[in-house]
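Below is one structure, written out as structure tokens; comments come after it.
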Amino acid sequence: MCGIVGYIGSHQAAPVILEGLSKLEYRGYDSAGMAVFNGEKIQIQKSVGRLKVLEELTHGGATMPGTVGIGHTRWATHGAPSDENAHPHYNQEETIAVVHNGIIENYLPLREKLLSKGYQFVSDTDTEVLAHLIDYYYKGNPLEAITKVMHRVQGSYALGIIFSEHPDQIFAVRKDSPLIVGQNENGCFIASDVPAVLKYTRKVYFIENQEVVRLRVDHMHFYTVDEEEIQKEPVTIDWDADAAEKGGYEHFMLKEMYEQPKTVTDTLLPRIKDNDIVIEELGMSDEEINAIRKIFIVACGSAYHAGVTAKYVIEGIARIPVEVDLASEFRYRNPIFEEGTMVVVISQSGETADSLAALRESQKLGHKVLGIVNVVGSSIAREADNVMYTWAGPEIAVATTKAYSAQLIALYLLAMKFGKVRGKLDADAFHSMLKDLKRLPGQIERLLANKQRIQRFANRYIGAKDVFFIGRGIDYAISMEGSLKLKEISYIHSEAYAAGELKHGTISLIEEGTLVAAVATQDALFQKTLSNMVEVKARGAFVLAVTNEGNTEIEKAADYCIYIPRTNPYFANSLAIIPLQLFGYYVAVGKGCDVDKPRNLAKSVTVE
Ligand code: F6R
């Protein structure tokens, strides 16, 4: 979602801001803008479209001289993508400029009030309300005005604010939308995410909810919403700036798919000690694990799909009932929590608004939450009672691949740990599963090496209108993720169906040549899925099958087969998803889509 960058220092601000915004493009946006104080006044330039439009408009920032500025990439919520609605927004006298990520929920009554006081609005955004409201409360002291606004507004916000009367300062404010600040010898920075400042500094401060930062050229001061000064410790970012670069790959998505063997290894190996699974971060004794009666897994999108897989795996291995919920549903459905209910929230970004709300809702009702999170220091990581990190490193492509693979590993580990402690998994089965887990990185590598075959097949489907993914059990969960990968980046309509459910209505959509991708990795369900493949083939479908090596019987019903190495059936998702990710990727590349930044999508969904 929206990206914020700000700079105050000894260098020109606009090029630093443009550079930083380019590192936040992955978040998804439809317009971009900057505000720079030019020595006399605040100059704003903004434009709908990609960042390069703004770069051209400002000649790489050269037409916006000044050493203090804020910039923004906007993902439209209130008001269409347009020049007027793009940020920054001014107050009426153009002495205050604001960039905002989040949603001001009570913006309508505030707007009414400001209109009645004579303020005029030029955009449809909720953000413009903030610019005027700060103006309304501003009596010469910016901190006072900002904190008054914080007491008045409801919703989520990360803000960058500059005042022409205080050109030696930038203000950064946060509530429920991510924001960090950093410093080096040439100035101070604000940003929505670490990659935007990594070129300049590795020492960053995570701003907490309801905190304000006053940044000057050479120092920063932190305040509470009551204007009390507080001290904060910096965090040193230890991942390499290269981790957030393409490193020779055509797209981040391809690079990240290729990082999956490492991601799986990094998430797995630190938790295997002396042939046992040790998850220190779980913070649960064996008694507590034995006391679990039910698990809620709550997440969105692909993380939800990882959760659907986990339901089969945890129920199968540990025999604990699991309910998997979309976070946007869970938070409003008044779920029944009983004694012994454990809540697991899965999130790559750790900032997804619905997942964060589900976490808070659970905690409010007195239940501990385990976060399975990728971004260190993110909101979910900080607010969860315990955090199990997926060590996938920065994921830049909007469509997740490596973080999803790492989530699966974390969930397998949890299932096995619970299964062992609760006496549902004997030593032989446990050790054979451990062996299979350790083999996964090499097997994923082999599958990735097969990319050209999948690319050739994908090229035949760039004109497809509808694609169906079918499977049973874990294969259904794999189908859900395969389908999402294809549709979100190639814009081809696709649906995942439990294979046995297709004939209850949806099979009527199968026409001559419709592509049906059938996933059949679960031996116990193989014959059943085979029958469903025959059914769709008989109605004209072209059937792509993903199955285990050796299952050549499938060739009776499939037109094209992809074989995956054998593993424990519970881990099949980790392998079967690889060709499906490659398929979605190559269809999108073949169609000329913007693979890393699909239309309308945002990498971290920080609004409801
Ligand atoms: C799809 C994708 C999204 C995310 C979802 C949750 O490729 O990336 O569906 O999985 O928005 O995001 P996180 O995991 O950051 O909570």
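As the structure is a prediction and not an experimental result, all values here were calculated from the model. Counting starts at 1 for both ligands and their atoms, following the listed order.
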Taking the side chain as everything from C-beta on, heavy atoms only, tell me whether Y200 gets closer than 4.5 Å to F189. yes
Axial cation check for Y157 ring with R174, 6.0 Å and 45° limits: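 The answer is no; the distance or angle limit is not met.
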To the nearest 0.5 Å, atom CG of D30 lies from atom NZ of K597 at 13.5 Å
Return the option from T352, T401, V373 holding the heavy atom at the smallest distance from atom 13 (P) of ligand 1.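 That would be T352.
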Note: heavy atom closest to atom 2 (C) of ligand 1, options G301, S302, A303, belongs to S302
Checking a contact table here: which protein heavy atom is nearest [atom], and how many Å away?
| atom | value |
| --- | --- |
| atom 14 (O) of ligand 1 | Q348 N, 2.6 Å |
| atom 15 (O) of ligand 1 | S349 OG, 2.7 Å |
| atom 7 (O) of ligand 1 | E488 OE2, 2.6 Å |
| atom 5 (C) of ligand 1 | C300 O, 3.6 Å |
| atom 11 (O) of ligand 1 | V605 CG2, 4.1 Å |

Could you tell me whether [X] and [Y] have a side-chain N and a carboxylate O separated by less than 4.0 Å?
| X | Y | result |
| --- | --- | --- |
| K364 | E361 | yes |
| E323 | K311 | no |
| K451 | E250 | no |

If you apply the rule side-chain hydrogen bond (donor to acceptor under 3.5 Å, both in side chains), what do you find for T125 with N85, and how did you get there? CA-CA 6 Å; T125 64; N85 290 335; 5.3 Å; no
Using 30° and 60° as the class limits, which term best fits the ring planes of H87 and H72: parallel, tilted or perpendicular?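 Correct class here is parallel.
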Is there a heavy atom of V398 sitting under 4.0 angstrom from any atom of ligand 1?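 V398 counts as a contact of ligand 1 under the 4.0 Å cut-off.
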With the threshold set at under 4.0 angstrom, would you say E351 reaches ligand 1 through any of its heavy atoms? no
Regarding ligand 1, does S347 bring an N or O atom to under 3.5 Å of one of the ligand's N or O atoms? yes
Under 4.0 Å from a heavy atom of A399: which atoms of ligand 1 are those, numbered in the order shown and with their elements?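 In order of numbering, the contacting atoms are 7 (O).
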In ligand 1, which numbered atoms sit nearer than 4.0 Å to a non-hydrogen atom of K485?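 Atoms satisfying the 4.0 Å criterion: 1 (C), 7 (O).
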